[in-house]
Amino acid sequence: NAGVTQTPKFQVLKTGQSMTLQCAQDMNHEYMSWYRQDPGMGLRLIHYSVGAGITDQGEVPNGYNVSRSTTEDFPLRLLSAAPSQTSVYFCASSYSSGTGSDEQYFGPGTRLTVT
Amino acid sequence: GENVEQHPSTLSVQEGDSAVIKCTYSDSASNYFPWYKQELGKRPQLIIDIRSNVGEKKDQRIAVTLNKTAKHFSLHITETQPEDSAVYFCAAQAYSGAGSYQLTFGKGTKLSVIP
């Protein structure tokens, strides 16, 4: 199993450009999520999905869109990039046991710089 | 929403000494408390977790304790080694039903083990 994969690893955007960060998992996990990591801020939840066709907002959703058409893929779209979105983005997935106590597996991250 | 406070933000210990990192949480509905280790430039990786029906869990040199009444939990690393140097994150997860839950992270503790 490849686990959780993310592309690209690095990206530089100009203010106002749009792009999609890709995330895929091959573990048949129902739950997938996106976090951003900024220095001194820990990881903050952007959006999450409990299954195909179902998404919800996390702590910092503004400026980002998600969709979940398949169990495997959970892309994150930046609609109009801003310097404040410069960050490292991690995708994660977990099996849903129904107890809410399931380990989340993280992808390798995407380092995004917006100039 | 959930709020997780983590202390200290930095911690330096001599090799062989113990290290303790403490976290508090605000949402009494949280029922899962994982700890992640993140080495420089790498993804967060789970090192130990504890569920709300357990007070203490140990795995070799690492232990976690949970006090639900006081809403705090701690990570204990004994006999520290240079390879323990990393950033450690605590997190709390509240389950809101229908497979929906959110993981909230502390801001991290940078542990340095001095040989």
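The sequence lines fix the lettering, A, B, ..., with proteins before strands; numbering per chain opens at 1.
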Given that the side chain runs from C-beta out, which part of B:E2 has a heavy atom under 4.5 Å from chain A: side chain, backbone, both or neither? neither

Between B:K110 and chain A, which part of the residue has a heavy atom less than 4.5 Å away: side chain, backbone, both or neither? neither

Do the side chains of B:L66 and B:Y36 join up, straight or via other hydrophobic residues, at under 4.5 Å, putting them in one cluster? no

Using a cut-off of 6.0 Å, state whether more than 12 heavy atoms not belonging to B:K37 lie near its atom NZ. yes

Under 4.5 Å from a heavy atom of chain B, the part of A:Q104 involved: both

Shared hydrophobic cluster for A:V60 and A:F74 (ILVMFWY, side-chain gaps under 4.5 Å): yes

Go through the atoms of A:V4 and report whether side chain, backbone, both or neither lie under 4.5 Å from a heavy atom of chain B. backbone

Common cluster, A:F90/B:I47, ILVMFWY with side-chain heavy-atom separation under 4.5 Å: no

Calculate, to the nearest 0.5 Å, the distance between atoms CG and OG1 belonging to A:L45 and B:T104 respectively. 7.5 Å

Is there a path of hydrophobic side-chain contacts, each under 4.5 Å between heavy atoms of I, L, V, M, F, W or Y residues, that connects A:V12 with A:L21? no

Side chain from CB out, backbone as N, CA, C, O: work out which of these in B:P44 comes under 4.5 Å of a heavy atom of chain A, or both, or neither. both

Over 12 non-hydrogen atoms of neighbours within 6.0 angstrom of NZ in B:K57: yes

CD of B:Q93 to CD of A:E103, rounded to nearest 0.5 Å, is 11.0 Å

Part of B:F33 within contact of chain A (heavy atom distance under 4.5 Å): neither

Around atom CD of A:Q17, are there more than 12 heavy atoms from other residues, nucleotides or ligands closer than 6.0 Å? yes

Let me see the working for B:Y101 and A:Y31 under ring pair (Phe, Tyr, Trp, His ring centres under 6.0 Å), right down to the final yes or no. CA-CA 9 Å; B:Y101 48 89; A:Y31 186 93; 4.3 Å; yes

What part of A:L43 gets closer than 4.5 Å to chain B, counting heavy atoms only: side chain, backbone, both or neither? both

If you measure only the distance, is there a donor-acceptor pair under 3.5 Å linking the side chains of B:Q102 and A:E59? no

What pair of heavy atoms forms the shortest contact from A:D102 to B:Y32, and how long is it? O-CE2, 3.7 Å

Supply the atom-to-atom distance A:F106 CZ to B:K42 NZ, rounded to the nearest 0.5 angstrom. 16.0 Å

Does B:V87 share a hydrophobic cluster with B:I48, counting links as ILVMFWY side-chain heavy atoms below 4.5 Å and allowing steps through other members? no

Pairwise distance CG(B:L46) to OH(A:Y105) - rounded to 0.5 angstrom: 8.0 Å

Tell me whether the count of non-hydrogen atoms from other residues, nucleotides or ligands lying under 6.0 Å of CD in B:E83 goes above 12. yes

In this structure, are over 12 heavy atoms from other groups packed under 6.0 Å from A:R44 atom CZ? yes

Honestly, the part of A:Q57 sitting under 4.5 Å from a heavy atom of chain B is backbone

CZ of B:R43 to CD of A:Q6, rounded to nearest 0.5 Å, is 8.0 Å

Counting heavy-atom pairs under 4.5 Å with chain B, the top scorer among A:G107, A:G58, A:G40 is A:G107

